[in-house]
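No experiment lies behind these values; they were computed from the predicted model shown. The residues of the chain are indexed from 1 along the displayed sequence. As the structure lists them, so they are numbered: ligands from 1, and atoms in each ligand from 1.
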Amino acid sequence: MRIEYTDVLVVGGGLAGLRTAVGAARRRLRVEVLSLVPAKRSHSVAAQGGMQASLGNAFKGMGDNEDVHFGDTVRGSDWGCDQLVARMFAHMAPKAVRELAAWGVPWNRVQRGAHEAVIDGERVTLTERDEAHGLITARDFGGTRKWRTCYTADGTGHTMLYALGDRAVAEGIPVRDRSEAVALIHDGGRCQGAVVRDLETGELYAILAAATVIATGGFGRIWGISTNAIINEGMGAAIALETGVARLGNMEAVQFHPTAIVPAGILVTEGCRGDGGLLRDVDGHRFMPDYEPEKAELASRDVVSRRMAEHMRRGKGVKSAAGEHLWLDIAVLGAAHIDHKLREVKDICRHFLGIDPARDWIPVRPTQHYSMGGIRTDHRGESPALRGLFAVGEAACWDLHGFNRLGGNSLAETVVAGMLVGEYVADFVESHAGALQFSPGLAREFVGRERAALEAITARPAPAPGADNVASLRRGMEATMTEHVGLFRNEAGLRTAVATLVDLHARAQRVGIASRHLDANPELVAAYRLPRMLALALCAAQGALERRESRGAHAREDYPARNDRDWLRRTLAWWPVGAATPVLEYEPIRVESMELPPGFRGYGTRNIVEHPATALREAELESIRARLEGAGGAPLQAALLDFRARLPERYRGDNERIADIEEGAPR
Ligand SMILES: Cc1cc2nc3c(=O)[nH]c(=O)nc-3n(C[C@H](O)[C@H](O)[C@H](O)COP(=O)(O)OP(=O)(O)OC[C@H]3O[C@@H](n4cnc5c(N)ncnc54)[C@H](O)[C@@H]3O)c2cc1C
C-alpha cells in the first residue's frame, strides 16, 4: 500500500486552495494539492461579477476604506459573522487585489473623464478623476455603500483562477487532479493527512501531512437546483464531519441568489443589477422600490430573494412551462455595455435560453447559490477541535459571512484567507512538525477501512427495477431540501425534512449499484458520496429546525424576528461515530467584544429582539472613541478591536489610496 509524506496537504484546487498552497510553498514547505478536476476548472472559474476591496479609485468609490467595507460586511451578515475575521479581511482585501494585478489579472481600469452609467433606472454621467486614470476600477455590487467590486468584465473568477493556476506552476507546486480525498486520517486529536482515491485507477492510498487544509468549496448540490457546479457536493466538509471530532459551523446558513436563469439554474451575475439592471414582474412593473425604497435591486441577496418570492406569492410572477419566474431587464443598459462588461451573460442567454439580453428580458428566480456554513475554524483557519486540520474558502466557516455573504466578498475571501492561512499553516508546521509522530499504522487502518467500505458497496446486489437506487435517493434528498430547507422555512416543514433525510440516509447506506467495478466508475462515486451529502443535508435541516429566529438568509416564517437575545450564537454540528443524526452545540457571538454592536441593517424588515448587552457595549464604544479622539487611527482601532496583532507581520501595513497621497498624508 502506498503511503506518501508531505508538509502540507491541500485538498482542493480552487482559488482558496491554490492561494494557500502558494503561501505555504513560499515558506519553503513541501506542498501537495488535490483536485477532483483540473484545478483551473474548479468552481471559482465560474464567478463572473467581481471581488470586493476598498481601493477607492473609481469616482463612486471615493471615500471608501476598510471601515466602510467592514461595516457593510457585518450588516450584510446580520451580525452573525466574527468581527475579528471581518476586520482582518477588510484590511487584507486591497493587498490581495494588488497582488493579483502583479500576477497578471487584467482588472478593468478607471478611464479618465465622463462615462455613462445606469443608476436607479436613470442614465447618469459620472466623471472619473485624471489622477485615477489607469488604476483598478470598481462596480456597484453586493449592496455596499461605496462601489468597491473589482472585476475583469464578467469573467473575474476565470482570470483570477488562471493567474493562480499559473502561479502554482511557477512555484513548482504539484497539483494532482482526478484525485479525491475520501477520509481524513486522525487519532481523535490530531489530523495526519488523508486517504486519497485515484478517480481513474480506483487506487486508494494515504498522504500523511503535518497539516491538512480543506479547500473543497460549497455543498450547493444537495439542493436540486443550484448555481453551483456539479462537483460542489461538499465532500471536504463531509469527511471532516465523519471524523466525529471536527465541527461544522452554521450549516443552516445558505444563500439563495436572486437571479439564476429559469429553468437551468445558471447564474447571471449580480453585476447585472449592480450595473443598473432592473427586476420586473408579470406586468413589466419594476417592483423592488415598492419593497425596498432605499436599496431597491441592490439590497443584500437574502432580502432581494425573499422580496421576489413574496411578490410571486402575491400572484405577480410569470407563469411558464418551466415554473414561475420574474424578469431581469438589462436591455436598459444598452448593447455596448453588455458587449463590453457582461459578455458572458450574453453568451449564457444566447446558448441556454436562445434570447438576446440587449433586446429581451431574462427569466430569473432565486436559486441556491452559496454555502456560508462549513468547517468551523478559528481566525487562523484551524479547526479548534482537530489539531492540524485547517479549512479555507467556501468550505470553511471562518466566519466572515455570518448569515448572508455580500456579493463580491467570497472571491475576496478565497484569496485573502488563502494569503493568511498559508502563513498560519506554515507557522503551525514550523513550530509543531517535530512533535508529530506520523503513524503509518494509522494510515493503513484508514485506507483499509475505505477499501472495505467500497468493496461492501460493490458486493451488494444491483438494484431491482423500482427499488431504491442512487439516483432515486438523491432526487429524494434534492426535493426535500428544495421544498423544506429553502428561502422560507417553518417548524412543520423542517420536521418533515429531518425525518425524511434520516430515512434516506439509512437507505443510502444499503443501496446497491449496477456497475460494480472499483476503478473509474461514476456510479460507485455517486454511491459513496450520497450518504455523505445526506449527512450535510441533515446538519443544515436540523440546524434550521433548532434555530427559532430569522437571521440573514435563514428566514423562519414562524419566528420572523432576528432574536439577538437568544440566538446571537453560531450553530456547531458534529457527528458522533455511528449516530443517526448530528449533535448540535452553540458557540456564543459576544456583543461585549463587537466593534459594531447589533443594529438595523438599513434594508429589509426591522424586527429585532435586542440583546441586553447591546446598549452597554454602545456606551462603552462611545467612551473609548471620546477618550482616544485625536490619538489617531491606530491606537483607537486597537482599543476597539485589535485585529492587527493577529495578522502575520508582513501584512500589517496600511493600505495606500490615492486620496491619502493627494492629501500628502504620510506614506
Ligand atoms: C455561478 C457563481 C458565480 C459566482 N460569482 C461570484 C462573484 O462574482 N463574486 C464573488 O465574490 N463570489 C462569487 N461566487 C462565489 C465564489 O465563486 C466561490 O465561493 C469561490 O470561488 C469558492 O472558491 P473555493 O476555492 O473555496 O472553492 P472551489 O473553487 O469550488 O474549489 C473547490 C476545489 O475542491 C476540489 N475538491 C472538492 N472535493 C474534493 C475532494 N474530496 N478531494 C479533492 N479535491 C476536492 C475541487 O476539485 C476544486 O478544485 C460565485 C459562485 C457561483 C456559483
Side-chain angles (χ1 to χ4, degrees), residues 9-20 32-53 93 139 141-142 149-152 154-158 160-161 164-165 175-184 194-197 199 207 213-221 226-229 231-240 255 257 259-261 265-272 274 301 344 348 367-372 374 391-396 398 401 405-418 525 528-529 532:
L9 172 63
V10 179
V11 184
L15 281 170
L18 289 178
R19 184 59 189 84
T20 308
E32 289 285 341
V33 179
L34 305 178
S35 177
L36 301 175
V37 293
K40 285 177 176 170
R41 301 213 57 191
S42 298
H43 190 52
S44 294
V45 82
Q48 300 168 343
M51 161 174 175
Q52 281 206 40
R139 63 169 30 136
F141 201 85
T149 299
C150 308
Y151 60 97
T152 55
D154 55 357
T156 313
H158 192 133
M160 288 171 67
L161 188 61
L164 264 167
V175 180
R176 264 181 243 195
D177 56 37
R178 296 180 175 86
S179 299
E180 176 175 358
V182 290
L184 292 173
V195 178
V196 183
R197 180 168 182 271
L199 289 165
I207 302 183
V213 184
I214 303 278
T216 49
F219 51 91
R221 281 284 154 183
S226 166
T227 63
N228 285 194
I231 54 170
N232 286 120
E233 297 182 329
M235 284 307 103
I239 61 176
Q255 181 173 82
H257 194 292
T259 60
I261 65 170
I266 300 170
L267 181 86
V268 289
T269 173
E270 184 173 314
C272 292
R301 288 178 182 176
E344 217 165 287
I348 288 170
T367 300
Q368 193 288 335
H369 179 61
Y370 186 81
S371 313
M372 272 82 74
V392 63
E394 195 172 339
W398 186 27
H401 308 298
R405 76 105 175 152
L406 289 184
N409 257 0
S410 167
L411 283 182
E413 180 194 18
T414 60
V415 281
V416 161
V525 171
Y528 68 70
R529 286 189 193 160
R532 293 177 170 150

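At a 3.5 angstrom cut-off on N or O pairs, Ala16 counts as close to ligand 1. By the 3.5 Å distance cut-off applied to N or O atoms, Glu180 is not counted among the residues near ligand 1. Taking any N or O of Ser44, backbone or side chain, at least one lies under 3.5 Å from an N or O belonging to ligand 1. Residue Ile231 has no nitrogen or oxygen atom sitting less than 3.5 Å from a nitrogen or oxygen atom of ligand 1, judged on distance alone. For ligand 1, one of its N or O atoms has an N or O atom of Ala181 under 3.5 Å away. Geometrically, ligand 1 and Leu411 share a nitrogen or oxygen pair separated by less than 3.5 Å. At a 3.5 angstrom cut-off on N or O pairs, His369 does not count as close to ligand 1. Close N/O approach between Ser42 and ligand 1 is found [any backbone or side-chain N/O within under 3.5 Å].
Between Thr414 and ligand 1 there is a heavy-atom distance shorter than 4.0 Å. In this structure, Met51 falls outside the shell of residues with a heavy atom less than 4.0 angstrom from ligand 1. Distances shorter than 4.0 angstrom occur between a heavy atom of Ala46 and an atom of ligand 1. Contact analysis leaves Gly407 out of contact with ligand 1, as no non-hydrogen atom separation drops below 4.0 angstrom. Contact between Leu15 and ligand 1 is present, with at least one heavy atom of the residue lying under 4.0 Å from the ligand. Residue contacts with ligand 1: Ala215 is included, with a non-hydrogen atom under 4.0 Å away. Taking 4.0 Å as the cut-off, Gly50 counts as a neighbour of ligand 1 on heavy-atom distance. For the ligand labelled ligand 1, residue Arg405 lies inside the 4.0 Å heavy-atom shell.
Remark: minimum distance from atom 43 (C) of ligand 1 to any protein heavy atom is reached at Ser179 O, 3.3 Å. Counting protein heavy atoms only, atom 39 (C) of ligand 1 is closest to Thr216 CG2, 3.5 Å. Ranking the protein heavy atoms by distance from atom 31 (O) of ligand 1 puts Gly14 CA, 3.5 Å first.
For the pair Leu199 and Leu36, the tightest heavy-atom approach, listed with the atom from each and the gap, is CD1-O, 4.0 Å.
In Val182, neither the side chain nor the backbone holds a heavy atom less than 4.0 Å from any atom of ligand 1.
Checking side-chain atoms of Asn232 against main-chain N and O of Gly217 turns up no donor-acceptor pair under 3.5 Å. Put simply, the side chain of Asp177 never gets that close to the backbone of Ser35: no donor and acceptor are under 3.5 Å apart.
Atom numbering of ligand 1 starts at 1 in the shown order; those under 4.0 Å from a heavy atom of Asn232 are 30 (O). Each of the atoms 47 (O) of ligand 1 lies under 4.0 Å from some heavy atom of Val37. Interface of Gln48 with ligand 1, defined as ligand atoms under 4.0 Å from a residue heavy atom, comprises 5 (N), 8 (O).
Side-chain contact check for His369 and Thr227: at least one donor-acceptor pair (N or O, by modelled atom type) lies under 3.5 Å.
Partner of Glu233 under the salt bridge (charged side-chain N to carboxylate O under 4.0 Å, His left out) criterion, out of Arg532, Arg529, Arg221: Arg529 alone.
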